[in-house]
Amino acid sequence: MKKYKLLCIDDEPVILDLYELMFEDLYPILKATSPEEAIDLLKNHHQEIIYVFSDFTMNGMNGLQFREEMIRCGFEIPFSMVTGNYDLEMAEQGMSLRIDSFLHKPIEKEELLKL
């Protein structure tokens with residue numbers, strides 16, 4: 001039986017470690033500290049990844065741009081954006097990119113588990 005995984009992208013390794021702690025009993029976590037690293041993980045593990053959590057503010061591209069790149073590459077995996085702030089414009093872009101939710105930092109375990 002295949003073990004499904006979550007992909008978590010954040011440029012702060014301590015945040016990635018928190019994801020791992022929150023989901024340790026449920027799913028293995030693939031961690032990426034950059035959007036480019038995350039795309040490589042998607043290319044190699046897309047059949048196993050069931051959900052993506054991405055920070056908004058990252059070096060190289062923001063979370064919306066990363067989601068655009070995922071879709072361009074053909075990765076239609078459920079996706080949530082984690083951010084300290086979001087506005088109406090970001091929400092509208094999120095709808096067009098089929099982002100499931102915007103999660104406010106700091107992340108609450110219960111909120112993640114609902115998804």
Novice: Let me check something: do Met22 and Val14 share a hydrophobic cluster, defined by ILVMFWY side-chain heavy atoms less than 4.5 Å apart, either directly or through other members?
Specialist: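 Yes; Val14 is reachable from Met22 via cluster members.
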
Novice: Got more than 12 heavy atoms from elsewhere within 6.0 Å of CG, Asp87?
Specialist: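 Buried by this count: over 12 neighbours within 6.0 Å.
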
Novice: Mind listing the closest non-hydrogen atom pair of Met81 and Leu64 along with its distance?
Specialist: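 Looks like CE-N, 3.5 Å.
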
Novice: Looking only at heavy atoms, what is the nearest atom pair of Thr33 and Pro13, with distance?
Specialist: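 Heavy-atom minimum between the residues: CG2-CG, 4.4 Å.
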
Novice: Is there a side-chain contact between Lys43 and Phe75 (heavy atoms, below 4.5 Å)?
Specialist: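 With C-beta onward as the side chain, the pair touches.
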
Novice: Judged by modelled atom types alone, do Glu92 and Ser96 share a side-chain donor-acceptor pair under 3.5 Å?
Specialist: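 Absent: no donor and acceptor within the cut-off.
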
Novice: Given Lys5 and His45, is the side chain to side chain contact (heavy atoms under 4.5 Å, CB included) satisfied, shown in steps?
Specialist: CA-CA 9 Å; Lys5 299 174 182 172; His45 299 278; 4.1 Å; yes

Novice: Got a second to check how far Phe66's CZ is from Ile71's CD1, nearest 0.5 Å?
Specialist: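 Reported value, rounded in 0.5 Å steps: 10.5 Å.
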
Novice: So Ile49 and Leu30, do their side chains get closer than 4.5 Å, heavy atoms only?
Specialist: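 Counting from C-beta outward, Leu30 and Ile49 do come under 4.5 Å.
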
Novice: Taking all heavy atoms of Leu41 and all of Ala32, pick out the closest pair and write down the distance.
Specialist: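 Looking at all heavy atoms of both residues, the shortest contact is CD1-CB, 3.9 Å.
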
Novice: When Glu69 is tested against each of Gln65, Arg67, Arg72 for side-chain hydrogen bond (donor to acceptor under 3.5 Å, both in side chains), which residue passes?
Specialist: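 Single pass found, and it is Arg72.
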
Novice: How long is the gap from CG on Leu7 to CD1 on Ile50, to the nearest 0.5 Å?
Specialist: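 Here the interatomic distance stands at 11.5 Å.
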
Novice: Nearest 0.5 angstrom please: Leu16 CG to Asp11 CG, how far?
Specialist: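 It comes to 8.5 Å.
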
Novice: So which atom in Gly94 and which in Phe102 form the shortest heavy-atom distance, rounded to 0.1 Å?
Specialist: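 Scanning both residues, the minimum pair turns out to be CA-CZ, 4.0 Å.
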
Novice: Considering all heavy atoms of both residues, which atom of Pro35 and which atom of Met58 are nearest to each other, and what is their separation?
Specialist: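 Heavy atoms only, the tightest pair is CG-CE, 3.7 Å.
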
Novice: If I take atom CD1 from residue Ile29 and atom CG from residue Asp17, how far apart are they, to the nearest 0.5 angstrom?
Specialist: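 Going from CD1 on Ile29 over to CG on Asp17, the span is 11.0 Å.
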
Novice: How close do Leu103 and Ser80 get, heavy atom to heavy atom, and via which atoms?
Specialist: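 Where Leu103 meets Ser80 most closely, the heavy atoms are CD1-CB, 4.1 Å.
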
Novice: Asp10 versus Lys105: any side-chain heavy-atom pair under 4.5 Å?
Specialist: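 Side-chain contact under 4.5 Å: yes.
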
Novice: Any side-chain heavy atom of Phe23 sitting closer than 4.5 Å to one from Leu6?
Specialist: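 A side-chain contact exists here, since the closest heavy-atom pair is under 4.5 Å.
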
Novice: Using a strict threshold of under 4.0 Å (side-chain N to carboxylate O), is an ion pair present between Lys31 and Glu20?
Specialist: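 So Glu20 pairs with Lys31 through a salt bridge.
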
Novice: Taking the side chain as C-beta and beyond, is there a heavy-atom pair between Tyr19 and Ile9 under 4.5 Å?
Specialist: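 SC-SC contact between Tyr19 and Ile9 ruled out.
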
Novice: Taking atom CD of Glu76 as the centre, does the number of heavy atoms from other residues, nucleotides or ligands within less than 6.0 Å exceed 12?
Specialist: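 Correct, the count exceeds 12.
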
Novice: In terms of relative ring orientation, are Phe53 and Tyr51 parallel, tilted or perpendicular, with 30° and 60° separating the classes?
Specialist: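 The arrangement is tilted - the two ring planes meet at 30° to 60°.
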
Novice: What distance do Met90 atom CE and Thr83 atom OG1 have between them, rounded to the nearest 0.5 Å?
Specialist: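 Spacing of CE (Met90) from OG1 (Thr83) equals 5.0 Å.
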
Novice: Distance from Met61 atom CE to Thr57 atom OG1, nearest 0.5 Å?
Specialist: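 The CE atom of Met61 sits 14.0 Å away from the OG1 atom of Thr57.
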
